[in-house]
Amino acid sequence: MSMTSARKPPRAKLYLTILILVLFLVGSIYQTEATLTKLVNGTPETIKFIGEMFPPDWQFFADIWKPMAETLQMSIIGTIVGAIFAYPMALLAARNVNTTPWLFYPARFIMNLFRTIPDLLYAAIFAVLVGFGPTAGTLALIFFTFGILSKLSYESTEAIDPGPLEAMTAVGANKLKLIRFGVLPQVAPTYLAHLLYTFEVSIRASAILGLVGAGGIGLLLKNTLDLFRYDQACAIVIYTLVVVVIIDLVSTRFRSYLLKGSEKPVSASRSRTYSIMGWVIVLALLVWSLTGLELTGFQPTTGVLMKSMMTGLLHPDWAYVYIPEGEDLLRSLLETLSISYLGNFVSAIVCLPFAFWAAANMSRRRAVSGSGKLFLSVVRTIPEVIMALIFIKSVGPGAFAGVMALGLHSVGMLGKLYAEAIENMDMGPTEAMTAVGANIWQKMAFAVVPQVIPDFISYTLYRFEINVRSATLLGIIGAGGIGTPLIFALNARQWPRVAIILIGIIVTISIIDYISGELRKRIV
């Protein structure tokens, strides 16, 4: 009896969880009006739109280099300056370094606040304040980098070995020595790895900041789309893809070296030489970016706009929260969550075969897994807005186009994480089942899936957090969600309306982040 009663709660909890997830799925489908029939009927229009993109205008490549260089320079400055502020904030927020509650709680609040605001929204606000161009994009990337990097770094700081800190505290070391000799030697490689990862993300982010006038390759992309030159837009996407793939390969190799070390022993003198070379390269890139980027100062109207914006932001339009007879904040946020949830569900299902394709330990030939990794890289490099435009042609403007754009883009991101989880699993059970003659499906069911499913669930929850942020801005190009009223309010300088929408986005994303974080802690 006791055993039966002990087993029932977990099973009941599992069934309840599945029921809730299914109800959310049904509700999201209803909210976004997503139907397979609509997608199938719109396929000819999608094919026609893609046909207008090919063949790309190869001669247009000559005009892409300068905006791409501007994008790289914006990303370099944004990442480095953002990191300068992010690392001290991470140390301030880590409880094992800073034990003063009235310091680390505000630090965490500031980090979470900056992290919840999407990059495109930063760009739109700065474009209003300082004018269109790379200055707005660079400022947006500084804030964007700060939000991501401070969070990653603070989590890494709290995960270090406490032994050295306890030993130094016991002999009376002050806080500065504790950080210098107890914390930084442990976290420095991880900090640098996170910096490289954030730079990759910034490159992708800066590629679309131009849609709101924040300079870089995104501004050129916007101009080609406005002129219906889809062949030139395709050339921009291909050019960006090549650059991002190269940066990904180099960054991945460096991050692997930083976190795992070299396979061959490296002498102290050579290691010091590599370190000096690294700092020289970073300094050279920073100088190239600062001298090559045409950064402008504040505009004559910036002070007036800033005052108007702050006044409006401090007096939110609370009447917009709920309007019985029309569009309001709650309805737009509900649509945004539905787009995120359904898009996440689509990507989690669709990416599974591609993840196994890209996993190196699932095939004997490196070319097979390499081609899978390349495919996922291509998919995640195509901006969500391009995918949204494709699906708008197919299913019309609205939430369903946002679902498909978000779902397809997330296949590349989620597939990469799934593939890494598969590659990191213990191959012992699989080899044991192979030895006793198990077929591939039996090995999958009993050796592979039980190992990777916790990571899969954790990564899916993490991706959902990101998708909620992305979905908030798909409405800028007509793909539903809170982005539509937000961009209208920004363009009309309706700062009280912007304020209440910002509050709605921040509160929603914060709640999702908290719930997702708690669930991931229990799963992993």
Side-chain angles (χ1 to χ4, degrees), residues 68-69 71-91 111 115 119 137-138 140-157 159-160 183-207 209 216-217 240-263 266 271-290 358 373-374 376-377 380-381 412-413 416-417 419-420 423-424 459 462-463 466:
M68 177 55 73
T71 293
L72 291 172
Q73 290 165 340
M74 286 163 50
S75 301
I76 291 168
I77 296 174
T79 302
I80 293 175
V81 176
I84 290 172
F85 292 99
Y87 290 142
M89 185 63 73
L91 293 172
M111 284 192 318
R115 196 167 58 90
D119 51 342
T138 303
L141 289 174
I142 289 172
F143 281 80
F144 176 67
T145 296
F146 173 83
I148 294 179
L149 200 55
S150 58
K151 171 74 171 176
L152 291 173
S153 301
Y154 124 75
E155 290 178 344
S156 298
T157 304
I160 63 175
V183 177
L184 292 182
Q186 294 191 66
V187 297
T190 308
Y191 275 12
L192 291 175
H194 289 332
L195 182 69
L196 290 170
Y197 168 75
T198 307
F199 177 64
E200 295 176 36
V201 177
S202 294
I203 291 289
R204 291 189 175 89
S206 60
L209 294 183
I217 196 73
T240 305
L241 169 66
V242 172
V243 172
V244 170
V245 167
I246 293 173
I247 291 174
D248 272 3
L249 291 173
V250 175
S251 175
T252 301
R253 181 67 62 88
F254 272 114
R255 281 191 286 124
S256 177
Y257 171 77
L258 288 168
L259 296 175
K260 299 178 182 179
S262 175
E263 295 179 357
V266 179
S271 176
R272 193 179 303 110
T273 301
Y274 288 161
S275 178
I276 294 172
M277 287 175 59
W279 284 110
V280 169
I281 292 172
V282 170
L283 183 61
L285 289 172
L286 184 59
V287 171
W288 172 67
S289 301
L290 289 171
K373 286 181 170 63
L374 178 62
L376 292 174
S377 183
R380 68 177 179 268
T381 301
M413 304 299 292
K416 178 187 178 183
L417 295 173
E420 290 176 352
E423 288 178 342
N424 292 330
Y459 288 142
Y462 171 69
R463 188 63 206 174
I466 298 174

Value for OG1 (T71) from CD1 (I217), rounded to nearest 0.5 Å, stands at 5.5 Å
When rounded to the nearest 0.5 Å, the distance separating CD1 of I148 from OG of S202 is 6.5 Å
S153 and Y87 have their tightest heavy-atom pair at OG-CE2, 3.3 Å
Between the CZ atom in F199 and the CD1 atom in I76, the distance rounded to the nearest 0.5 Å is 5.0 Å
In short, L417 meets Y459 closest at the heavy-atom pair O-CE1, 3.4 Å
Does this structure show an ion pair linking E423 with K373, if we count only N-O contacts that are shorter than 4.0 Å?
yes
Hits for side-chain contact (heavy atoms from CB on, under 4.5 Å) against L286, two or more places apart or cross-chain, chain-then-number order -> I77, I80, L290
Between the OG1 atom in T138 and the CZ atom in F144, the distance rounded to the nearest 0.5 Å is 14.0 Å
Distance col, row M74:CE vs T79:OG1, nearest 0.5 angstrom, shows 10.5 Å
Test side-chain contact (heavy atoms from CB on, under 4.5 Å) on M68 and V243 and set out the steps.
-> CA-CA 9 Å; M68 177 55 73; V243 172; 4.1 Å; yes
Looking only at heavy atoms, the pair that brings A83 and T145 closest together is N-CG2, 4.1 Å
Output for pair (L149 CG, M111 CE), nearest 0.5 Å, gives 10.5 Å
Scanning both residues in full, the closest heavy-atom pair of F146 with F85 reads CE1-O, 3.5 Å
Nearest heavy-atom contact between S150 and A90 is O-CB, 3.7 Å
Closest non-hydrogen atoms of L376 and A358, given as atom of the first, atom of the second and distance, are CD1-CB, 3.8 Å
